Asks: 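My structure is below; once you've seen it, I'll send some questions.
Both backbone and side-chain heavy atoms feed into the values below; hydrogens, waters and symmetry mates do not. For clarity, every value in this text was computed on a predicted model and none was experimentally measured.
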Amino acid sequence: MKKVFKGLVIAATVTLSAGVCLNAAADTAKLDQLLEQVKQSRTAEGRINQQREKEFLADRADKQALLNRAKAEFSAEESRGRSLTQQFADNEGKLGAKEAELVAAQGTLGEMFGIVRGAATETIGGIAMSNISAQYKGREQLLKKLAEAKEIPEINELEELWIALQTEMTESAKVSKFEGNVVALDGNSAQASVTRVGAFNLISDGGYLVFNADTQEMQPLVKQPESFVVSAASAFKNAAAGEVKPVYIDPTGGNLLRLKTQEATLEEQFHQGGTVGYVITTLLGIGLLIGLLRFLALTAASSGVNAQLKNLSNPSEKNALGRILKVYHDNKSVDVENLELKLDEAIMRETPDIEKGIGIIKLIAAVGPLLGLLGTVIGMIGAFQVITLHGTGDPKIMAGQISMALVTTVMGLLCALPLLFLHAMLQTKSNSILHVLDEQSAGIIAAHAEKEKA
């Protein structure tokens with residue numbers, strides 16, 4: 001049995017040894033394979049590095065060739081620059097000599113040349129912007145040529161300069177009509193009949209025109225002057241031959257009209273008052289409405305009282321005096337003191353209706369300037385806030401707030417003045433009616449007292 005067991009152990013040991021040997025042989029084969037791959041990779045990388053080195057050396061040779069070529073070109077350009085500098089210096093000397101020869105050859109013609117250039121330079125701006133150029137275009141081209149010329153002008157150029165200056169002088173004294181292209185404010189252009197008043201103004205059917213020297217076009221003003229000025233201009237344009245019509249002209253050739261368009265209209269000034277201005281206007285409207293209603297009521301009451309004065313024996317309850325007389329007729333039997341009290345009571349009942357609304361008008365007349373002062377304070381506060389934020393470099397930034405301050409002050413005064421006159425007139429009418437009532441009441445009391453004594 002022991003022999004069998006020993007035999008099995010020996011067999012197992014031999015088997016394990018054989019397996020270990022097989023595994024070791026396999027691992028050795030893998031290591032050999034890895035070593036072979038490393039050798040192959042090194043050989044391939046060596047070939048690649050050699051190729052890269054060859055390419056680098058080739059590029060280096062090319063770059064050196066480029067560098068040598070650039071140095072050669074630079075040296076050539078330096079030599080050429082020195083040559084051109086010397087040539088430029090030589091030419092400068094020749095030009096100086098030629099200019100001296102030209103001046104000597106010109107003689108007295110040089111003075112004429114200077115005069116022509118000076119005259120052309122001085123008049124080119126005036127002629128280009130003149131309203132006469134709207135009718136006679138292109139006159140400034142010759143002047144520009146003469147002003148920039150380096151040579152002596154020719155005879156025909158001198159004659160053209162003479163004609164241009166003479167045309168400006170002659171046409172400035174004429175009123176001329178011609179057909180021209182007028183560009184409307186919406187950009188559309190159309191032919192229109194234009195009347196030119198010397199060099200002062202251009203007038204069309206729609207009002208005054210201005211000449212744009214840059215575009216060589218006539219354009220209407222953005223905002224025409226007052227209606228009476230435009231009406232006079234239209235009447236002048238449509239006047240028959242030999243008919244004399246007055247017209248307003250701009251001696252600056254249109255500059256004043258352009259400035260006029262920047263002025264604020266009455267409506268724009270009204271809106272500059274802002275909320276305070278609207279409140280003042282509303283109060284003025286209310287005051288005028290109350291004043292109108294009270295004027296009509298007091299006029300009717302005064303007419304009724306005057307009619308009743310002509311018929312004291314037949315009192316009517318449709319007027320204040322008639323109602324007071326009715327009280328007297330109803331109380332003829334009472335004594336003087338009671339009659340006086342009843343008549344005073346009747347007059348007191350009539351007084352509120354007669355004086356109604358007059359106090360409100362006076363109140364509004366007093367409040368208007370106060371609101372104007374309020375608007376002034378608000379405007380100045382806004383102006384100081386603008387100064388704080390933007391400084392005082394641009395006065396236009398503060399103009400809106402200052403306008404509000406001044407406009408509200410004016411509106412407050414304009415609210416108070418008519419209402420004060422209206423209040424005084426209504427107060428006078430109401431006092432005259434009350435005076436008649438008091439007068440008639442005193443007469444009735446005096447007559448009744450005489451009857452009692454009799």
Asks: Out of I280, L371, L284, which residue meets the side-chain contact (heavy atoms from CB on, under 4.5 Å) rule with M411?
Replies: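 Output: one option passes, namely I280.
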
Asks: Using a 6.0 Å cut-off, check whether atom CZ of F384 has over 12 heavy atoms from anything other than its own residue.
Replies: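 Atom CZ in F384 is not packed in, count stays at 12 or less.
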
Asks: Shortest non-hydrogen contact from K237 to S193?
Replies: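 Between these two residues, the closest heavy atoms are CE-O, 3.2 Å.
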
Asks: Output, in order, the C-alpha distance, side-chain angles, deciding distance and verdict of salt bridge (Lys or Arg N to Asp or Glu O under 4.0 Å) for E171 and K174.
Replies: CA-CA 5 Å; E171 293 296 327; K174 292 182 180 179; 3.7 Å; yes

Asks: Is the shortest side-chain heavy-atom distance between E350 and L437 below 4.5 Å?
Replies: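 Yes, close enough: below the 4.5 Å cut-off.
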
Asks: Would one find more than 12 heavy atoms of other residues, nucleotides or ligands at under 6.0 Å from atom NZ of K177?
Replies: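 Yes, because the 6.0 Å sphere around NZ of K177 holds more than 12 heavy atoms from other groups.
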
Asks: Identify the two heavy atoms, one from T252 and one from L256, that lie closest to each other, and give their separation to 0.1 Å.
Replies: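 Shortest heavy-atom contact: OG1-N, 3.1 Å.
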
Asks: With a 4.5 Å cut-off on side-chain heavy atoms, are I324 and Q440 touching?
Replies: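 They are not in contact (no side-chain heavy atoms under 4.5 Å apart), so the answer is no.
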
Asks: Compare all side-chain heavy atoms of T281 with those of F270 and state whether any distance is below 4.5 angstrom.
Replies: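 Yes, close enough: below the 4.5 Å cut-off.
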
Asks: Going from CD on E317 to CG on N319, what distance comes out if it is rounded to the nearest 0.5 angstrom?
Replies: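 Reported value, rounded in 0.5 Å steps: 10.0 Å.
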
Asks: Over all heavy atoms of both residues, which pair between L298 and I354 is shortest? Give the atoms and the distance, please.
Replies: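 Heavy atoms of L298 and I354 come nearest at CD2-O, 3.3 Å.
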
Asks: Working to the nearest 0.5 Å, report the span between CD of Q219 and CG of L202.
Replies: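 Atom-to-atom, Q219:CD and L202:CG are 11.5 Å apart.
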
Asks: Assess whether salt bridge (Lys or Arg N to Asp or Glu O under 4.0 Å) is satisfied between R69 and E73, documenting all intermediate values.
Replies: CA-CA 6 Å; R69 189 185 309 165; E73 291 177 355; 5.6 Å; no

Asks: Are E217 and S189 linked by a side-chain donor-acceptor pair shorter than 3.5 Å?
Replies: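 Absent: no donor and acceptor within the cut-off.
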
Asks: Kindly indicate, with the supporting measurements, whether the criterion side-chain hydrogen bond (donor to acceptor under 3.5 Å, both in side chains) is fulfilled by S316 and Q308.
Replies: CA-CA 8 Å; S316 172; Q308 188 66 61; 4.9 Å; no

Asks: Taking side chain as C-beta onward, heavy atoms only, is Y208 less than 4.5 Å from I203?
Replies: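 SC-SC contact between Y208 and I203 confirmed.
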
Asks: Any side-chain heavy atom of T195 within less than 4.5 Å of one from N201?
Replies: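 No, their side chains stay 4.5 Å or more apart.
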
Asks: Looking only at heavy atoms, which two atoms of I290 and G357 are closest? And how far apart?
Replies: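 Residues I290 and G357, closest heavy atoms: CG2-O, 3.9 Å.
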
Asks: Aromatic rings Y278 and H271: how do their planes relate, parallel, tilted or perpendicular, breaks at 30° and 60°?
Replies: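 Ring orientation, 0 to 90° scale: perpendicular.
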
Asks: Can you give me the closest heavy-atom contact between A301 and I433, atom names plus distance?
Replies: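 Result for this residue pair: CB-CD1, 3.9 Å.
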
Asks: Evaluate the side-chain proximity of S430 to I358: yes if any heavy-atom separation is below 4.5 Å, no if none is.
Replies: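 Touching, per the 4.5 Å side-chain cut-off.
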
Asks: Measure the spacing between CG of D330 and NZ of K326 and express it to the nearest 0.5 Å.
Replies: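 Between atom CG of D330 and atom NZ of K326 there are 3.5 Å.
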
Asks: Please assess E355 against T351 for the test side-chain hydrogen bond (donor to acceptor under 3.5 Å, both in side chains), listing each intermediate value before the final yes or no.
Replies: CA-CA 6 Å; E355 295 183 343; T351 300; 6.0 Å; no

Asks: Less than 4.5 Å apart, any side-chain heavy atom of F211 and any of M129?
Replies: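 No - every pair of side-chain heavy atoms lies 4.5 Å or more apart.
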
Asks: Do the side chains of V367 and C415 get nearer than 4.5 Å, heavy atoms only?
Replies: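 The answer is no; the side chains never approach within 4.5 Å.
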
Asks: Would you mind checking if K94 and D90 are paired as a salt bridge, meaning a charged N to carboxylate O distance below 4.0 Å?
Replies: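 Result for this pair is no, no salt bridge flagged.
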
Asks: Closest heavy-atom contact between S172 and M169?
Replies: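 Nearest pair, atom of S172 first, then M169: OG-O, 2.7 Å.
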
